[in-house]
Amino acid sequence: MMDQQYMARTLSEKVGVSFEEAYKALEECNWDMLDAAIKLEREHDISGKDEQRGFDFEINSDHLRVNKSNQSFEDWLKLVWRWLVWLINASVRNSFNVKMKGELIAEIPILALVALFLLAFWVMFVLLVVGLFLGCRYSFTGPDFPKEES
């Protein structure tokens, strides 16, 4: 568990009150940071006056974390990581389709298509252009794309 003075100092910085007020609120709330922050917000009407002082709570499995409205570098990295995971999942869920004369001849996950383009750009480019001249149609399908009307 966090040190009591550290908790009071963190709460006072995040909520924008004095150390003594934060310490007193934590004592009254049995050292629960969330309850203390809510109590201080109600006492000082923080939410309505100054949006720069806004704060939110992220509850992890082992501790409570109070964040200012501006994000730290670690929070930014977590956000980027979640976006990358979402992007990879979407590229696996959805696929690139090649049809010739209405018949599906190839269905490739978008992740594989991107990898092929990165590894052999000119070969893939030439294949796509030759496919166009041969009458191939290209499309993307999957849960993230609207259904194709044939």
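Residue numbers count from 1 along this sequence. All values below were derived from every heavy atom in this structure, side-chain atoms included, with hydrogens, water molecules and symmetry-related copies excluded. Not measured: the values here are computed from a predicted model.
Surrounding CZ of F133 are at most 12 heavy atoms belonging to other residues, nucleotides or ligands under 6.0 Å away. Crowding of F125 atom CZ: a count of heavy atoms from other residues, nucleotides or ligands under 6.0 Å not exceeding 12.
Using a 4.0 Å cut-off between a side-chain N of Lys or Arg and a carboxylate O of Asp or Glu, E103 and K99 do not qualify as a salt bridge.
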Show me the side-chain donor-acceptor pairs of residues 83-92 shorter than 3.5 Å, one per line, residues at least two apart or across chains.
| unit_1 | atom_1 | unit_2 | atom_2 | d |
| --- | --- | --- | --- | --- |
| N89 | ND2 | V85 | O | 3.3 |
| S91 | OG | L87 | O | 3.4 |
| S91 | OG | I88 | O | 2.8 |

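Looking only at side-chain heavy atoms (C-beta outward), M100 and L134 come within less than 4.5 Å of each other.
Y23 has its ring centre less than 6.0 Å from the ring centre of W31.
Between M33 and T10 the shortest heavy-atom distance is CE-CG2, 4.2 Å. Here the closest non-hydrogen pair linking A8 and F19 is CB-CE1, 3.6 Å. The shortest non-hydrogen separation linking A36 to L26 is CB-CD2, 3.7 Å. When all heavy atoms of D32 and D35 are compared, the pair lying nearest together is OD2-OD2, 2.9 Å.
The structure places CG of L79 at 12.5 Å from CD of E74, a figure rounded to the nearest 0.5 Å. Going from atom CD1 of I110 over to atom OG of S95 covers 7.0 Å, rounded to the nearest 0.5 Å. Between the CG atom of L34 and the NZ atom of K39 there is a distance of 14.0 Å, given to the nearest 0.5 Å. Summarising the geometry, atom CG belonging to L113 is positioned 5.5 Å from atom CZ belonging to F117; distances are rounded to the nearest 0.5 Å. Once rounded to the nearest 0.5 Å, the distance linking CD1 of I105 with SG of C136 reads 4.5 Å. One distance of note links CD of Q5 with OG of S12; it measures 11.5 Å at 0.5 Å rounding.
Side-chain N or O atoms of E21 include one that pairs as donor or acceptor with a backbone N or O of S18 at under 3.5 Å.
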(request) May I have the step-by-step check of side-chain contact (heavy atoms from CB on, under 4.5 Å) for L104 and V98, ending in yes or no? (result) CA-CA 6 Å; L104 183 66; V98 180; 5.9 Å; no
(request) Test side-chain contact (heavy atoms from CB on, under 4.5 Å) on T141 and F96 and set out the steps. (result) CA-CA 7 Å; T141 59; F96 176 75; over 6 Å; no
(message) side-chain contact (heavy atoms from CB on, under 4.5 Å) for L132 and R137? Distances and angles first, verdict last.
(response) CA-CA 7 Å; L132 284 174; R137 287 188 59 207; over 6 Å; no
(request) Determine, step by step, whether N94 and F140 satisfy the side-chain contact (heavy atoms from CB on, under 4.5 Å) criterion, reporting the C-alpha distance in whole Å, the side-chain angles of both residues, the deciding distance to 0.1 Å, and the verdict. (result) CA-CA 7 Å; N94 300 295; F140 292 97; over 6 Å; no
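By the criterion of side-chain heavy atoms lying less than 4.5 angstrom apart, applied directly or through intervening Ile, Leu, Val, Met, Phe, Trp or Tyr residues, L119 is not grouped with V123; the two fall into different hydrophobic clusters. M124 and F121 fall within a single hydrophobic cluster, where Ile, Leu, Val, Met, Phe, Trp and Tyr are joined by side-chain heavy atoms under 4.5 Å apart, directly or via other members.
Between W76 and F73, the ring planes are parallel. Angles under 30° get that label, and only those over 60° would be called perpendicular.
Applying the salt bridge (charged side-chain N to carboxylate O under 4.0 Å, His left out) rule to R93 yields the partners D144; only residues at least two apart in sequence or on another chain are considered.
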